[in-house]
Amino acid sequence: MRVSMDLELKDIPGQLLLALQPISDLKGNLISVVHHHEKHTPRGTIPVQIVFEIDSEKLDNLISRLEDSGVSVVRVGEERFLEHCAVIIIGHIVHTNIQDTIDKIDSTGFAEVVGLTLSMPRVNQPSSAFLKIDATGKKELNEALSLLKNVANKKDLLVIEPIETQFI
Amino acid sequence: MKQVRISIIGFGSVGQGVAEVLMKKQDYLTKMGLDIKVIAISDSKGSFINQNGIDLNSALEQKRQKGTVANVQKTGVEIINEIEHDVVIETTPTNIEDGGVGLENMLASFENGRHVITSNKGPLALKYKYLVDTANLSGCKFKFEATVGGAMPIINLIKGVLAGNDILSIQGILNGTCNYILTRMLEEEASYEQMLAEAQERGIAETDPTYDVEGIDAACKLVILANSVFDMDSTYKDVDSVGITKITPESMLLAYNDGYVTKLIGEVRNGKLSVGPRLVPVGHPLSVGDTLNVASVQTDLAGPVTITGRGAGSIETASAILSDLIAICNNDN
C-alpha cells in the first residue's frame, strides 16, 4: 500500500535519518520527502511529509518504531488513488441521467468520480461538465475512461480527454 | 549553372505563391547555382507555355486581371505529357473523393519521368503507397512537405534532421482554422457558430467549413504524416475523427479554470490514428493559439521535439514547396 505521513521532528541534527531509517529497515519504498527545515510548528518541531510504499501489515510496527525513537507521527493516510484525470463532457448530460454515468465509474471499485462542475446555459441547449476521476493505477484509469466513453457514446455525449503527456 | 525546367500545375493561391516566391528568391537561387525556369503554368481554364521561361511577373498580372493565365487550350495533364521538363509543381485543389485531377497529374508526371512536388493532400490521403511506389519505380522524386502544416517543416524535420531516431508517436494541431475558432471561443466566451462566422468573415474559414471543422483536413494531414513516417498505408477513412462543432464555450471555460485549453489534436500512436478535441495543459508546447499549427514528435534518442509554424497561407505554403524544390535540385533525398 501507498502511505502518506505527516511527521514532526525535533530541531536537532540527525532527526531526519531517524525518521527514514525504520522505513528502509522494514523494506518500504520511499517515494517523496518534503522537509520544511525553515518552518517550525508552535511546538518548536519541524514538519516533514513523506510518501512511501510498504506492506500493510508492517505499518503498525513502523509507527511504533517511529514513536519509540522520538519522532511524532501526526497523520497517517492511505493513498488509495494514485492516478488523477480530468475530462470534459458535452451534451444533454442531465437529461441523460448523469448520476447513472457517475455510478458506472464508482461501481468499478478501482475508480471514482471525485469532482463534478456543471454548466447549463439554457434549457434545451447542451450542457458542459468537468469531471475529475481518480483511480488506483494507470491501467485502471484508462479502463474507467473507456467505460465513460462507452456510456457517453450510448447517450450521444462528447467526451474530451487530456492529451497523453507522458510518453511510453 | 544548373538549369531546372519546371511547370506549375494549378495556379490558385498556392500556385501564385510559388511564382511570387521564385521571383523573390531569384538571386538566392542564382547564388546556389540554380537557374529555375518555369516553362508552363496551368489553371482550370487552360495553360500558358514558354519554352524559354515564363515572365512570372506578367503571368501573375494576367491572372489578376483576367482570372486566368491561359493562352492555349491545354490541360495540366497535357502539359505534363507533351512538354519536356524536369519538375512538376502540383498545386491543384484537393479532392478527397477520388484524388481528382491531382492524382492524374502526379501519375502522368511519374510516367514521363518528372519529379513531383505537391501541396495537394487528396491523392496522398487516398493512395499514398501507390503514388510512392510508382514514383520509385519510375526513378522520380516525390516531395510533399507542403501538404502537412504549410510552413511547418515536419516531414523534412523527421526525415532529415532527426534521421536515426525511431519515432514513437506524433501529436499536434494540424488545422489552423479549427485552432483559430477554438482560440477565439475561449477568448470571447462565444459560441462555435459565432466564431465560425468571424473566421469566415476574415477569410480563415471557407463558406462551406465542413472539411476543416469536422476534422477531415486534419485527418488527411495525419494520414500523410503517418504513412511517410511510419511507412503505413492508411487512408483518411482509417482515422477515428471527431470535429469541433459540438464544443461549447462553457466547457472550454470549465477546462481553462482547471488549467487546460481545448484543442483539436491529431495523433498517431501504436499504429492508431485519431483526430479529436483534447485538453492540453496551459503552457504545454502544444497549447499554441490563433491559426498556428504545431506538432510534437516523440523520438527514442532526442526525446520530444516540438515544432510550430503557420499552417496555411500562399507564401508560407510556397516556402515548403521551394525547400522541396531546392532539395530535388541538389539531389538530396
Side chain, backbone, both or neither of Ile247(B) within contact of chain A (heavy atoms, under 4.5 Å): both

Shortest non-hydrogen contact between Leu254(B) and Ser119(A), atoms and distance: CD1-CB, 4.1 Å

Gap separating the OG atom of Ser251(B) from the CD1 atom of Ile93(A), nearest 0.5 angstrom: 9.0 Å

Over all atoms of both residues, closest heavy-atom pair of Phe130(A) and Ala255(B): CE1-CA, 3.9 Å

CZ/Arg122(A): more than 12 non-hydrogen atoms of other groups inside 6.0 Å: no

Neighbour count above 12 (heavy atom, 6.0 Å) for Arg65(A) CZ: yes

Side chain, backbone, both or neither of Ile88(A) within contact of chain B (heavy atoms, under 4.5 Å): both

Heavy atoms from other residues, nucleotides or ligands near CD of Glu189(B) exceed 12 (cutoff 6.0 Å): no

Approximate separation, where rounding is to 0.5 Å, of Asp258(B) CG and Lys132(A) NZ: 4.0 Å

Within 6.0 Å of CD in Glu57(A), more than 12 heavy atoms from elsewhere: yes

Spacing of CD belonging to Glu164(A) relative to CD belonging to Gln298(B), to within rounding of 0.5 Å: 10.5 Å

Separation of Ile163(A) CD1 from Leu286(B) CG (nearest 0.5 Å): 5.0 Å

Interface residues of residues 208-244 of chain B facing chain A - non-hydrogen atoms under 4.5 Å apart: Val242(B)

Inter-residue atom distance Ile160(A).CD1 - Ile265(B).CD1, 0.5 Å rounding: 11.5 Å

Asn142(A), CG: over 12 other non-hydrogen atoms inside 6.0 angstrom: yes

Atom NE2 of His95(A): over 12 foreign heavy atoms under 6.0 Å: no

Atom CE of Met1(A): over 12 foreign heavy atoms under 6.0 Å: yes

Rounded distance [0.5 Å steps], CD1 in Ile90(A) versus NZ in Lys246(B): 9.5 Å

Neighbour count above 12 (heavy atom, 6.0 Å) for Glu206(B) CD: no

Shortest non-hydrogen contact from Pro277(B) toward Leu158(A): CG-CD2, 4.4 Å

